[in-house]
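One structure is given below, encoded as structure tokens.
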Amino acid sequence: MQELQLIHIDKFFPPNTHACADVSLTVRAGEVVALLGENGAGKTTLMRIASGVTRPDGGSIVKDGERVVLGSPRDAIRRGIGMVHQHFMLIPRLSVAENVVLGFEEGGAVLDRRAMARRVEAFAAEVGLAVAGDRRVEDLAVGEQQRVEIVRALYRGVEVLILDEPTAVLTPAETEGLFRVVREMAAGGKSVVFISHKLHEVSEVADRVLILRNGRLVAERPPSAPLGELAALMVGEPVEAPSPSRRPASSEPVLSLGGARSRGEPGLRDVSLSVLSGEIVGIAGVDGNGQVALEEALVGTRSLEGGTFTLAGERLERASPAAIRRRGLVRIPSERHHDGMVAQASVWENLVLFDLAELGFARHGLLDVRAARRRAEQLVKNYDIRCGSIDQKLAELSGGNQQKVIVARELGAGPRVVVAAQPTRGLDVGATASVHKALIELRERGGAVLLISADLDEICQLADRVYVLYEGRVSQPVAPDDREQIGRLMAGVAA
Amino acid sequence: MSSGQDLGLVEPSGDGLEPGPGKLTPPAGRGADVTVLGQFSHRARAVLVAPSSQQLGESVLAVLVAFALGAVALAANGINPQSAYAALVSGSLGSAQSLASTAVQAAPLLVASLAVGISFRAGVFNIGAGGQLGVGALAAAVVGGYTRLGPGLELVAMAAAALAAGAVWASVAGVLKAYTGANEVITTLMLTYVATNLIDYAVTGPAKAPGAINQTPQLSGQAMFPTLVGNTQLTAAIIVALVLVPLVWLLLFRTGYGFRLRMVGLNPDAATAAGFSVRRVGVSVLALSGALAGLGGMLEVAGVLGSVPQDMSLQVGYTAIVVALLGNNGPGGILLASTLLGALAAGSTNMQSAAGVSGPFVVLLEAIMIGTVVGMPVLVRYLRARRRTAPRGAEAR
Ligand SMILES: Nc1ncnc2c1ncn2[C@@H]1O[C@H](COP(=O)(O)OP(=O)(O)OP(=O)(O)O)[C@@H](O)[C@H]1O
Ligand SMILES: [Mg+2]
């Protein structure tokens, strides 16, 4: 009968961030506990403490009635506590089985890879997860990588599994699969701590909902609590979703692709689409159907092999990323760590990353640091970015606040066209609402938005027209309220 | 140094500087990165391009570790470490004379290290600063030896020649990298050997001074920096070197170019998406780095040597890598670190004569320092885990 208790946990990051303030909670055997809170509320920090990644400044951890000191994730795993992080910790070049086994089982001098792979697969099947033991992790889609992470934890005998925003990168079907595994674990007497910003998921899978605000545990609710109430508890005030006033767009296309083709897995295959000024166009589809290729084609980091790309009447198939940007197209990238930010640079440097010349921060080659910092301060305020100071390294911000930095920089640049790929991934309800509001405002001012999102609710709520991307091809435009047709197109079953 | 080579050699094929248009991106877990360090973890990149903010402590620790292990090595060879180190200190700091010789040693090292540091910041691994320094020295010696331009102007012309020669030399690597994807770690290293042979050819042939000795013509007084302190080798060359420190700082932290350079170094993909040209930064930073290193050669010729000898040592190019890493690739840190290593070089002569410690001992110390500084994050993590505490540096989510 295992049980994890966190008692009076405290964590302070100098100079001024109290990430966890006197947090006490208990996770009992066989229960699924959801942890909710705004971006920067301290969810990840608290769970990193519980899993031995971070040392608390104060408080204690009790596992099965015994006080434990967790010096490393290894210690925690030995005590049966494991965490699947917002960013996976797998070694890309190794196989699935190697990732699962290595560092845990010593084995003989010679590894029998084949046997190891079979053993891992058998184990995974037993807990209801399908993984291919001998594939390399770098060849797997995110959802599969996550399954590997979970198998890895369970293989090590983890009894308390912590999942940090596990569904942010999953398709709806994968999410369903994950929930099945979570429920099975709970039925088998294990416990799960589940961090998410998607409230409906929380009420679907959790037995208990804990809410953190500014590092403090402020409430506990049953999963049946109204979503509005949960949101209000997180933010401290009621959240209202922006309501788009649909008004007819102009007939002037700002952005268009005609028969665009590009390489990739999958690349674009004969993609034609257009976005009018004053319009939000949604690209629906299951992740991995060419979204990245589309994004990169539009910003110029992946060249087209054929077809046309027109921005405000100008043909730009061969234009450089810089040239495209100068013409007023910005992007919120889906792979934010990869091409959206410089994690080891400061918050302010990231906030002005693109705009040095345009905003006059680099006159005669000299950087006007004072002006750039002033601009950064202003963006931090406008977009409610929670950070200790603008000199902090971006890597030190919470996941959601890193995303806010990118959103602020891109939307703050006064764009004509926005390519927004998964713009609210990892954002809390309040921040999501404000990004949506910003996109709607841009449309009202005559801007054009291409919203690429795996979140169908987001698309249906915001878009004026929807294309569905399936295996690198787009459908004919669909009305956003025709969910059934969109669903069919996403599954590739409709013509 | 060997770490630098390894880094280069394991990369299967340089894929050029720029991910740019046409780059294929696998859907998940993108493997291929664009620079040498792409093959390595982000942690490796962080160590070499911009070491952690706790770098000062780590550098100090690295130096202490080096001295401690050095003491063990000395004792094992039957030499009293205390007296050896006492000789080292008195030879580098003990008198006005020895202080001056520390400064003399530190000046070209400082400049070469600034050159290396700039390139590291951009994620470009110029490990051939020695070669660039050599051709810079040769160019300066030729200009100074064969022209008469009058006081002041002569030195300016020599500096210009050195800057140009170093830039051209490193640009060979830059252009190869940009257009063929050749790894600069290997090309800059190879070019250092070519530089050695070029010097050899020049001082035995076209640029040989009259007389028996193989060297460039002895520079006239006008072609030499004036002495600052009588009876020492300390010349105005040191002032030039010191002025470069704030200039490099300004370049890195107060110009748009420096900003692009640093961002490209830290994350080439994000920089590309931001509209910066990774290729352009790569080519230009090699030219710049080479020019600086070349200037270091001019300072050595016009400050100390007076001519380029056949066996001119280009070792300083490798020491500069140690300095840049110890100094966090930043001008301030590099100033401190080059002073320290300059002192080691200056004191080693005295250590040799007074305590019988052979010259290469200093190289041993440098090797330990570089090993410690590069391995420090791993070491620190290990030590912390032992003390059952978690690392603080790894808190990035
Ligand atoms: N290593 C660090 N150094 C400084 N501050 C940190 C560090 N790690 C976390 N913080 C700060 O602690 C606070 C809590 O961060 P945490 O990552 O726990 O938030 P979170 O609730 O997980 O948010 P999100 O929903 O955005 O992921 C944030 O303000 C963050 O900036
Ligand atoms: Mg988090």
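To find a chain, count down the sequence lines: A is the first, B the second, and so on, and within it residues start at 1.
Shown here for A/Arg325 and B/Ala274, the closest heavy-atom pair between the two residues is CD-O, 3.8 Å.
To the nearest 0.5 Å, atom CE of residue B/Met263 and atom CD of residue A/Gln344 are 11.0 Å apart. For the atom pair NE2 (A/His338) and CG (B/Asn267), the distance works out to 7.5 Å, reported to the nearest 0.5 Å. Rounding to the nearest 0.5 angstrom, the gap separating the NZ atom in A/Lys393 from the CG atom in B/Leu266 is 9.0 Å.
Contact annotation: the side chain of A/Leu367 never approaches that of B/Thr255 to less than 4.5 Å [non-hydrogen atoms, C-beta and beyond]. Contact check for A/Val369 versus B/Arg254: side-chain heavy atoms found under the 4.5 Å cut-off. Counting heavy atoms from C-beta outward, A/Leu353 and B/Phe276 have side chains that approach closer than 4.5 Å. With a 4.5 Å cut-off on side-chain heavy atoms, B/Thr272 and A/Asp339 do not count as touching.
Contact of A/Arg318 with chain B is not made at all, since no heavy-atom distance falls under 4.5 Å. Of the two parts of A/Glu305, neither the backbone nor the side chain holds a non-hydrogen atom closer than 4.5 Å to a non-hydrogen atom of chain B.
For the options A/Leu394, A/Val342, A/Val330, heavy-atom pairs under 4.5 Å to chain B are most numerous at A/Val342.
For B/Tyr179, the OH atom sits in a loose shell: 12 or fewer heavy atoms of surrounding residues, nucleotides or ligands are nearer than 6.0 Å.
Every residue two or more places apart in sequence or in another chain that forms a side chain to side chain donor-acceptor pair (under 3.5 Å) with A/Gln403 is listed here: A/Arg336.
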